[in-house]
Amino acid sequence: MSPTPTSLPPAIKDTSKYVLACVASSPIVVSSQPRGAMGSYVQGEDEVPVYESGAEIVQKLQEKWKSTAAPFPAMYSSVLGGIILDPAMMSIPLDDHMVHRGHGVFDTAMILDGHLYELDPHLDRFLRSAAKARIGTPFPRDTLRSILVQMTAASNCRRGSIRYWLSAGGGDFLLSSAGCAGPAFYAVVIPTDYSQCRHGVRAVTTSVPMKPPLFATMKNVNYLPNVLSIMDAEDRGAFASVWVDGEGNVAEGPMVNVAFVTAAGELVLPAFDKILAGCTAKRLLALAPRLVETGLLKAVTTRHIAADEAKRCSAEMAFVGSGLPVLPIVEWDDQLIGDGKVGKTMMALSDLLWEDMKSGPDRIAVPYK
């Protein structure tokens, strides 16, 4: 069973007190592993090893990581009550209901030039998702925020992202979370050398059913439809897929929103009533009126837009998401969008978002040591 989540003071003053270089804990499932290095220890009729102590497990895990660069420089776990720097110890208890029942929510934020971008809007959405999923939180919002900033500082990562989860917690393997010891909070830093996208990609409409609105409008860990839809796109030689709802309206991509610039110069994003309200998409809508002032756009709106209309009337199309921030789509379902080239309006929108990420008002300077 999982240990009871360790409480932290409302404001963590000294990060070093909570940085754990190595934790001996046996009831764990490894959440990250070097590719090709953590395969089965058993061949044919070989006897399965039995590890009787946490120390044996720690030694085994650390041996596997000796010759592999750590892909994730820092993780936080409320179960352990601190920030973990040893990749072999970055783990989630197997009896956590997020692991075996999918009862969890998550969110993200980008790191660019040593700053966290739009952490607060993402954190607010994170807590709204948790409320919809009937998951509590082990700490107040300010403490969650402080933990994420301190974890980023401990990682020394200057460019990448953070991802964080709230879970119903561990305690048993039943369906109901009534037996859980309490909610758990996890987070990790993911270094990525990303840059502004300036090339165009192909998209396809997926046949994988989209999530119903209750689940689509919260950022929960039940991502199997998303996984299958992007695998569908990859199988068909496309970058990603687009969901079209039962009424024939454009919905969203598997991990991004979709945007269109019509031939009349209108920026249109599908309404958020049945899909996730992307933080980057909402920021794009806030910045786009600047292009109306310059005459590059005529209007900015969210509405239901039929897939047939979008294909027939769009001069430009793009995926919109945190790490892109705008990725032009030049072909959809084997049909060219506009002239089949990256358009100037989407690139102007991308420039607005990229500049906002680099010098806008919603940036938190990470207090690296």
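The structure presented is a predicted model; accordingly, all values stated were derived computationally and were not measured.
Between Tyr223 and Phe215, the ring centre distance reaches or exceeds 6.0 Å. The six-membered or imidazole ring of Phe126 lies near that of Tyr164, with a centre-to-centre distance under 6.0 Å.
Between Ile135 and Ser167, the closest heavy-atom pair is CG2-O, 3.6 Å. Contact record, Ala288 with Leu349: CB-CD2, 3.8 Å, taken as the closest heavy-atom pair. Annotation for Leu276 and Met218: closest pair CD1-C, 4.0 Å, computed over non-hydrogen atoms. The two residues Pro121 and Glu118 have their closest heavy-atom pair at CD-O, 3.3 Å. Of all the heavy atoms in Thr302 and Ala271, the pair that sits closest is CB-CA, 4.4 Å. Of all non-hydrogen atoms in Ser91 and Met75, the two that sit nearest each other are O-CE, 3.3 Å.
A salt bridge is defined here as a Lys NZ or Arg NE, NH1 or NH2 lying under 4.0 Å from an Asp or Glu carboxylate O, and Arg303 with Glu309 meets this definition. Under 4.0 Å is where a charged nitrogen must lie from a carboxylate oxygen, and between Lys274 and Glu247 at least one such pair does. Using a 4.0 Å cut-off between charged nitrogen and carboxylate oxygen, Asp107 and Arg125 count as a salt-bridge pair. In summary, Asp120 and Arg141 engage in a salt bridge, as defined by a charged side-chain N under 4.0 Å from a carboxylate O.
In this pair, Phe319 and Phe239 present their aromatic rings tilted. The plane angle is within the 30 to 60° band.
Under a 3.5 Å cut-off, the side chain of Gln335 and the backbone N or O of Trp332 do not form any donor-acceptor pair. Judged by distance alone, with hydrogens and angles left aside, the side-chain atoms of Ser314 form a donor-acceptor pair with the main-chain N or O of Ala310 at under 3.5 Å. With hydrogens and angles ignored, the 3.5 Å screen pairs a side-chain donor or acceptor of Asp333 with a backbone N or O of Thr205. Between the side chain of Ser78 and the backbone N or O of Phe185, at least one donor-acceptor pair lies under 3.5 Å. A donor-acceptor pair under 3.5 Å is formed between the side chain of Thr294 and the backbone N or O of Leu291.
Counting non-hydrogen atoms of neighbouring residues, nucleotides and ligands closer than 6.0 angstrom, the NZ atom of Lys282 reaches no more than 12 such neighbours.
In summary, the side chains of Ser241 and Asp232 do not present any donor paired with an acceptor at a separation below 3.5 Å, with no hydrogens or angles considered. With no hydrogens or angles considered, a side-chain donor-acceptor pair links Thr217 and Lys132 at under 3.5 Å. Side-chain polar atoms of Trp354 and Ser195 form no donor-acceptor pair below 3.5 angstrom. Counted by atom type alone, Ser350 and Gln196 present one or more donor-acceptor pairs between their side chains at under 3.5 Å.
A 4.5 Å side-chain heavy-atom check between Asn226 and Met255 finds every atom pair outside the cut-off. Contact annotation: the side chain of Val221 approaches that of Met98 to within less than 4.5 Å [non-hydrogen atoms, C-beta and beyond].
Partners of Asp334 under the salt bridge (Lys or Arg N to Asp or Glu O under 4.0 Å) rule, at least two apart in sequence or in another chain, are Arg202. Residues meeting the side-chain contact (heavy atoms from CB on, under 4.5 Å) test with Thr137, sequence neighbours left out: Leu144, Leu166. Asn222 pairs by the side-chain contact (heavy atoms from CB on, under 4.5 Å) definition with Asn220, not counting sequence neighbours. Residues meeting the salt bridge (Lys or Arg N to Asp or Glu O under 4.0 Å) test with Lys358, sequence neighbours left out: Asp113.
Once rounded to the nearest 0.5 Å, the distance linking CG of Leu80 with CD1 of Ile84 reads 4.5 Å. In this structure, CH2 in Trp165 is found 11.0 Å from NZ in Lys219, a value given to the nearest 0.5 Å. One finds the CD1 atom of Ile83 at 11.5 Å from the OG atom of Ser77 (value rounded to the nearest 0.5 Å). Distance CD/Glu316 to NZ/Lys344: 8.5 Å, rounded to 0.5 Å. Interatomic distance, OG1 of Thr262 versus CD1 of Ile305, reported as 7.5 Å (0.5 Å rounding). Separation of atoms CG (Asp172) and NE2 (His100) is listed at 6.0 Å; rounding is to 0.5 Å.
Apart from Val330 itself, the hydrophobic cluster it occupies contains Val342, Met347, where clustering links Ile, Leu, Val, Met, Phe, Trp and Tyr at side-chain heavy-atom distances under 4.5 Å.
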Just do the salt bridge (Lys or Arg N to Asp or Glu O under 4.0 Å) check on Arg198 and Asp351 with the steps written out, would you? CA-CA 10 Å; Arg198 292 192 171 275; Asp351 289 341; 2.9 Å; yes

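For the side-chain hydrogen bond (donor to acceptor under 3.5 Å, both in side chains) condition, the pairs that include at least one residue of residues 180-193, sequence neighbours left out, are Asp96-Tyr186.
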